[in-house]
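Working notes, beginning with the structure itself.
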Amino acid sequence: MESLYSQQGVRSTGGLYAPMAKRLIAVDPSKCSGCRYCELWCSFAHEGVFSLSLSRISVVKDDRMGMDYPVVCRMCSPAPCIKACPHNALVQTEEGIIRVIEERCTGCGRCVKACPFGAVKMHPAKAKPLICDLCGGGEPVCVLKCPTGALRFYPVGEVGVSGSERAFDKAYTYALSQYKALLRRWGINVK
Amino acid sequence: MLSELYGYAGRILRVDLSKRSVKIEELDRKLIRGFLGGRGFNVKRLYDEVPKGVDPLSPENKLLFATGPIAGTGFPIGTRLNVTAKSPQTGLLGDSNVGGHFAAEMKYCGFDQIILEGKSDRPVYVYVHDGSVEFMDAQGLWGLTISEAYDAIRKELRDWRVQIALIGPAAENYVKFAGIFFNLHRPAARTGLGAVMASKNVKALVVRGDGYVEVAEPDEFEEFVREVEEAVYSHEQYWPRRVMGTSRILMAANRLGFLPADHFTKSVVDYAYQVSGERLAVEYNVKNRSCFSCILPCSRFYVIKRGKFAGLYGEGPEYEPLAGFTVRIGNRDLDAALKAISMVNDLGMDAITTSEVISWAMELYERGLLDEGETGGLKLKWGDMDTVFELIDMIAYRRGFGDLLADGVAKAAKKLGKGAEIALHVKGLELIQADPRGLKGYGLGFAVASRGADHLRSEPFIELSDDPRIGQLLFGEAEATMRLGVRGKGKLVAYYENWCAVVDSLEVCKNIAENMEILPFDKMAKLIEIVVGMKTCASDMMRIGERIVNIERAYIVRQGVRRRDDVLPRRFLKEPIAEGPSMGHVIELEVMLDEYYKERGWDPQTGIPTAEKLHELGLHEVVEDLRRNGVELRPALD
């Protein structure tokens, strides 16, 4: 499994980590069934309603290739979204969580464009970015609710940034580029 | 939340394709009380708005998509959608229920029901995003297969989250059993709804919404969901279903002796493992996939790893297509079956009916009743897959002998002038892959189901338990829950029909809610209270189920269906099963029918609901309407 995590720009420390080490939501797309239970309960935990547009995690899907790929904040440091924000509305905590200071945010959407994983999306009504906050301690809701173990709360040593920089539908492009490796392992060649 | 009713979106979208106009209507509270959602909403509207005598392929027919109060919430047992219209295949009720993600996305657009009416003057696809509707040009999409059109639409809209209901070439050629496919692998396949969509010149219906769904009691909902999660995760069927989905039934059907092998001439085969769900799980499946918000991902993504079809991949197959393209047509080659199923899907046809028309023609050919002159040179030998591939293509494009089969087995037999006695259908809808002689409750269900030979209207799964104590306890007849029993089946089927009607209207998964018995009537009532915030109880739920079954019956009665149409093909009534665990059995239909009508409160002579029963269910306007249409209603049973 380690190879999968490193494909996503995340290097595992192989279980050796200090108690205060950064933890993030690690994704195993070979296990994800695409039920979107994580999205629904993320939305419910944060907004009190069920919606795919209000969740901080998105399962990117392509039914032709059977792709279900959860995309969520990878807590990069330095974080491209923070760098891109012209109003200093984004800050990173010690644990690596990107926090949005709503009073400063103008909803310009540059963080959305800057995120190489397409993991930042806009609240459709409030026009403020929705970024994973790891549910403020303990296991995040998405990890708790995942029926297949495709999401895990994982300690990491260090997070690097990789992936393409295309503006259009970045989450899809990113997910697909990663998923293709899995398809090849299963004996499927897609163009 | 979009209305004062929690759970529901509260609005209905009416799309007039002739005028290219849309209208948004309020959801009526009375409709919710009476019919709950999904299948209930649809059949009520079909009854009211599509009168007797409408040609199913004319602009006057209406294509209805509806979902229920649970869609879009995080309730853990899936989300479904019901599609309804007058059926071009049977001329009666056209109705099909489908999983996937479409229903939730439609709810997030703010609609509980979408009505397509009229006819567009040229090919379009209808794109609903949030509250707005666009008529997109689809002239370039016409003729494309399901997967090609899916890719093209997603590319055009530049959005991976869109949910697409689309039709393939078979529907465009008015194949009478063409389905509507939801994102490739989830078809509302039965009763020919795809042809209705094609007759309206609509290639696809696309939805994408940023809305949300709120529940009335969030804390209680969370608690209830935890209970249901625990019940599902700890259920004995959880892992078998997760590993194999319904494809696990093939081996079980062989053990119990109700396989449809060689067009129902054999009920057991010696090659079951070769074509089984077990083998798929071991050698083909690479990952699981699931419907929206479901914690039991029972759909499987497979890859053929070696051989002639190496590299072929896709989702599924479920038991029906799997058995249809293996044992039913005498085929032992699993790879070839997967190829055939993916062809049928990509062309957009119902796999059950396709397998029936092919196996029917094969039986005629093998018995020497059909010659190569009539088939255009095709040698229809059992299990000859190259011929099957060719025939599938010929049906979808209505070429040669395929043109004859494309109207379904009943009409094909009529046109051919022979084979009617072995055409396995009820009311024009072809039989599923289970032999009713070995599953008598299912058999009764096929005979009385409102859309034709179909198990999903009643699904009396409990009779597979073969446990007389349950039957004694629930129905006062030990035989009721024994698969080869006869007495008590009327009560059994009526009870399960009511249950299925509510599950289909709640729009949750029937496998989990009913077959795994996660949501009995009291739990469904509790769920409605928590999600919708409407006081209700278990007996209310039962009444809703009964009401839906009765209005469906009234709909087909208005089209002329009587007791004489509640029959099974001769093979099941007269020819005993020759071998295996169900050996010697035929189905004793008349006895079961009498009991069923009595249980239903319908006239046993005609099969028409009595006026008393309809009034009791609050269907007063149906009584008047039936009388206006010249149907004689018996006032009451003695």
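Naming: A, B, ... by sequence-line order, numbering from 1 per chain.
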For the NZ atom of Lys145(A) and the OG atom of Ser293(B), what is their distance to the nearest 0.5 Å?
9.5 Å
Do you know which two heavy atoms are closest between Phe50(A) and Gly72(B), and how far apart they sit?
CB-O, 3.2 Å
Set of residues satisfying side chain to side chain donor-acceptor pair (under 3.5 Å) with respect to Arg242(B), sequence neighbours excluded
Tyr238(B)
Rounded at 0.5 Å granularity, tell me how far CG in Leu40(A) sits from OH in Tyr212(B).
15.5 Å
Taking the side chain from Trp160(B) and the backbone from Val60(A), do they hold a donor-acceptor pair closer than 3.5 Å?
no
Treating Tyr172(A) as the side-chain partner and Arg158(B) as the backbone partner, does any N or O pair qualify as donor plus acceptor under 3.5 Å?
no
Leu54(A), Ile188(A), Val59(A), Thr148(A): which one forms the most heavy-atom pairs within less than 4.5 Å of chain B?
Ile188(A)
From Asn189(A) atom CG to Tyr313(B) atom OH, the distance as rounded to the nearest 0.5 Å
9.5 Å
Atom pair CG/CZ of Leu183(A) and Phe301(B) - distance to nearest 0.5 Å:
6.5 Å
Between Ser58(A) and Arg161(B), is any side-chain donor less than 3.5 angstrom from a side-chain acceptor?
no
Do side-chain atoms of Lys287(B) reach the backbone of Ser33(A) as a donor and acceptor pair under 3.5 angstrom?
no
Search all heavy atoms of Arg64(A) against all heavy atoms of Asp151(B) and return the closest pair with its distance.
NE-OD2, 2.7 Å
Nearest atoms (heavy-atom pairs only) where Leu52(A) meets Tyr108(B)
CG-CE1, 3.6 Å
What distance separates Thr73(B) OG1 from Trp41(A) CH2, expressed to the nearest 0.5 Å?
8.0 Å
